[in-house]
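The structure's right below; bear with me while I get my questions together.
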2 protein chains.
Amino acid sequence: MAPAQLDQLDQIIQRGRPLKRGEHLFRAADDFNSVYAVRSGALKTYVLSDEGEEQVTGFYLPGEILGMDGISTARHLSNAKSLETATVCEIPFHRLEDLSQKIPSLQHHFFGLMSKEIRADRELHMLLSKKSADDRVASLLLSLAARQQRRGLSNKRFRLPMSRYDIANYLGLAVETVSRIFTRFQQQKMLWVDGREVEILDRPALCGTGSHDSVQDA
Amino acid sequence: MAPAQLDQLDQIIQRGRPLKRGEHLFRAADDFNSVYAVRSGALKTYVLSDEGEEQVTGFYLPGEILGMDGISTARHLSNAKSLETATVCEIPFHRLEDLSQKIPSLQHHFFGLMSKEIRADRELHMLLSKKSADDRVASLLLSLAARQQRRGLSNKRFRLPMSRYDIANYLGLAVETVSRIFTRFQQQKMLWVDGREVEILDRPALCGTGSHDSVQDA
DNA sequence: CGTGCCTTTGATAACTCTCAAGAGAGGTGG
DNA sequence: CCACCTCTCTTGAGAGTTATCAAAGGCACG
């Protein structure tokens, strides 16, 4: 993309004020006007079922974009809440559309972004279809590690921005199950855990979790 | 969209030959060139895990579009296989992009389509996070019914284009579990089943499955 | 220094999977 | 046209995994 075009893009992006932990970026009822790029911190998106139960639908780390599911409805259909102090950029969608009209590479890029989101959801689907709870937790850890790496950080050691409750909810498991799996992974020397700090000690073992249950309670 | 523009869109769409049952529309290794609109019949998409196990990622009925997950990678990352005799329209993606550049409403429409795909995946996520197998099967039935309705067909009685195996795989369940649930739904007068023909007899009960387990084995 | 939330651990129960077997449907070849 | 074979679907019994219930310790925040 040419510098002049980058400038144009830059001009429509609005820097938002920092969000405190627990603060909402948008809510399900809100009009959809913008998508958001995470600059720092982390957010989760969730929906409330008819019975008022929360269902976490995604975690968003710096460099990732959220809010795209609202495009087709003119309304957000999920809530976005910050997991820790976070800053986001607001990208007014209609202006992005206008600009995409002028800059082919931007349109292409944005199509690509949405496609990537679809791909990520597909992977999540596969993850949840795997029966084993171990697989699910391992996959989430590996996913977070990969996303850390993309940001130029360690892909082994990092801090989980979300609670065990959020992890369990996201993966369709009970909190207790997640907790037990963390403990077991640690006993098996696959993972080091201290609260929300984690370090991947044996990546191949984490990847292959479930394929062979030989070392189940070693 | 103006008639002239519709014409332009129409010209880039290619009618494909009919696909027989079991035939592939594209495979995971293939270059990504087009997205496809289903005209008749039904298809499923699936991926193969490292161990060669199949994971069904979606079902596509007439009026629906598949292949969008390949946009970001220039390669298809799933396989698409027809479940019954089907016809599809091929929409060369680069030409669609070009045309979107000229026709704002087309760009908007396509953004919307992708957003809808993301939304559908979110709903699937919620479905799979619900623990209950009953909920999952019920939700799939209701989803298929709704999609039937969108095509102007009955939202109560229809034919399942996919096997129990595909349903089970898609929902992360065992075939036997799906079969048992169909039987039980029938015993509970919520559903009428004959092979792949189904009729929804008690929609509220299907919607509320799992919320109240009072009539479990009545 | 409480209070509340998060996390862990144990025991029990429920759900779903796996294994096993048989019936039905559809396609193929003799 | 029928026999045969395969694939699909159903049903049963037992085993395994995960949820639920209960309780206690740790940590952060006011």
Side-chain angles (χ1 to χ4, degrees), chain A residues 20-23 44 53-56 81 83-85 127-138 159-187 191-198 209-217, chain B residues 20-23 44 53-54 56 81 83-85 127-138 159-187 191-198 209-214 216-217:
Chain A
K20 282 186 214 147
R21 195 169 82 83
E23 209 171 339
K44 72 172 175 183
E53 284 169 40
E54 180 175 322
Q55 171 62 53
V56 177
K81 190 177 183 178
L83 294 166
E84 53 191 28
T85 306
L127 199 166
L128 292 176
S129 291
K130 291 181 195 168
K131 304 125 297 191
S132 151
D134 287 27
D135 281 357
R136 301 190 193 181
V137 175
R159 180 179 171 76
L160 299 171
M162 72 294 279
S163 72
R164 303 282 195 274
Y165 279 88
D166 286 333
I167 293 175
N169 188 306
Y170 180 68
L171 295 178
L173 300 169
V175 191
E176 296 92 329
T177 303
V178 172
S179 179
R180 278 186 249 270
I181 289 172
F182 270 76
T183 304
R184 184 146 37 77
F185 279 178
Q186 190 156 216
Q187 287 167 349
L191 195 70
W192 170 88
V193 186
D194 178 30
R196 296 194 178 177
E197 287 289 329
V198 298
T209 295
S211 313
H212 19 54
D213 48 331
S214 43
V215 212
Q216 192 69 339
D217 46 11
Chain B
K20 283 187 211 145
R21 194 170 83 84
E23 210 171 338
K44 73 172 175 183
E53 283 169 38
E54 180 175 321
V56 177
K81 191 177 182 177
L83 293 166
E84 53 191 29
T85 305
L127 198 166
L128 293 175
S129 291
K130 291 180 195 168
K131 304 125 296 191
S132 150
D134 287 27
D135 281 358
R136 300 190 195 182
V137 174
R159 179 180 171 75
L160 300 170
M162 72 295 279
S163 73
R164 302 281 193 275
Y165 280 87
D166 286 334
I167 293 176
N169 187 307
Y170 180 68
L171 295 178
L173 300 170
V175 190
E176 297 91 329
T177 304
V178 172
S179 180
R180 278 186 250 271
I181 290 171
F182 271 74
T183 303
R184 184 146 38 76
F185 279 178
Q186 190 156 217
Q187 287 167 350
L191 195 69
W192 171 86
V193 186
D194 178 30
R196 295 194 179 179
E197 285 289 329
V198 298
T209 296
S211 310
H212 18 53
D213 47 333
S214 42
Q216 192 71 340
D217 46 12

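Source: prediction; values computed, not measured. Naming: A, B, ... by sequence-line order, numbering from 1 per chain.
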Once you round it to whole Å, what is the distance between P of D:dT8 and CG of B:Leu160?
->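 B:Leu160 atom CG is separated from D:dT8 atom P by 15 Å.
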Is there a side-chain contact between B:Asn169 and A:Ser129, using heavy atoms and a 4.5 Å cut-off?
->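 Side-chain contact under 4.5 Å: no.
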With A:Glu84 via salt bridge (charged side-chain N to carboxylate O under 4.0 Å, His left out) - residues at least two apart |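 Result, salt bridge (charged side-chain N to carboxylate O under 4.0 Å, His left out) vs A:Glu84: none returned.
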Value in whole Å for how far the C1' atom of C:dC5 lies from CD of A:Glu54 |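 Atom CD in A:Glu54 sits about 14 Å away from atom C1' in C:dC5.
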Where B:Glu23 and B:Lys20 come nearest, the two heavy atoms and their spacing |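 Shortest heavy-atom separation between B:Glu23 and B:Lys20 comes out as OE1-N, 2.7 Å.
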Encode nucleotides 20-30 of chain D as B, S and - characters from 5' to 3', where the letter depends on protein heavy atoms closer than 4.0 Å: B to the base, S only to sugar-phosphate, - to neither.
-> BBB--------
Overall bend - the helix from C:dC1-D:dG30 to C:dG30-D:dC1, comparing terminal axes fitted on five pairs, nearest 10 degrees |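 Answer rounded to 10°: the end axes differ by 50°.
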Can you name the side chain to side chain donor-acceptor pair (under 3.5 Å) partners of B:Glu197, sequence neighbours left out?
->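 Only B:Arg157 meet the side chain to side chain donor-acceptor pair (under 3.5 Å) criterion with B:Glu197.
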B:Arg196 CZ - C:dG24 P separation (whole Å) |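 Nearest whole value for this atom pair: 18 Å.
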Might you point out which heavy atoms bring A:Tyr170 and A:Leu128 nearest each other, and give the distance in Å?
->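 Minimum heavy-atom contact is O-CD2, 4.2 Å.
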B:Gln186: partners by side chain to side chain donor-acceptor pair (under 3.5 Å), with sequence neighbours left out =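 Side chain to side chain donor-acceptor pair (under 3.5 Å) list for B:Gln186, sorted by chain: empty.
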Sequence neighbours excluded and cut-off under 3.5 Å, please list the side-chain donor-acceptor pairs for residues 160-168 of chain B, or say none.
| unit_1 | atom_1 | unit_2 | atom_2 | d |
| --- | --- | --- | --- | --- |
| B:Ser163 | OG | B:Tyr165 | N | 3.2 |
| B:Ser163 | OG | B:Asp166 | N | 3.1 |
| B:Arg164 | NH1 | B:Gly195 | O | 3.4 |
| B:Arg164 | NH2 | B:Gly195 | O | 2.7 |
| B:Asp166 | OD1 | B:Lys44 | NZ | 2.9 |

Using atom CD of B:Gln186 as one end and atom P of D:dC9 as the other, report the distance to the nearest whole Å.
->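 So the two atoms are 15 Å apart, to the nearest Å.
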Round to the nearest Å and state the distance from B:Glu197 atom CD to C:dA25 atom C1'.
->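 It works out to 15 Å between those atoms.
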Does a side-chain N or O from A:Thr183 land closer than 4.0 Å to OP1 or OP2 of C:dT9, or not?
->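 Checking C:dT9 against A:Thr183, a side-chain N or O does come within under 4.0 Å of OP1 or OP2.
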Given atom CG of B:Asp134 and atom P of C:dC17, what is their separation to the nearest angstrom?
->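 Value for this atom pair: 11 Å.
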Just list the side-chain donor-acceptor pairs under 3.5 Å for residues 172-183 of chain B, sequence neighbours left out, or say none.
| unit_1 | atom_1 | unit_2 | atom_2 | d |
| --- | --- | --- | --- | --- |
| B:Thr183 | OG1 | B:Ser179 | O | 3.0 |

Using a heavy-atom cut-off of under 4.0 Å over every strand shown, decide if A:Arg136 touches base, sugar-phosphate, or nothing.
->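 No contact.
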Closest heavy-atom pair and its distance - A:Arg136, A:Leu127 |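 In this case the closest contact between A:Arg136 and A:Leu127 is CA-CD2, 3.3 Å.
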Among residues 163-173 of chain A, which contact DNA chain D at a heavy-atom distance under 4.0 Å?
->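 The stretch gives A:Gly172, A:Leu173 as the residues lying under 4.0 Å from the strand, ordered by number.
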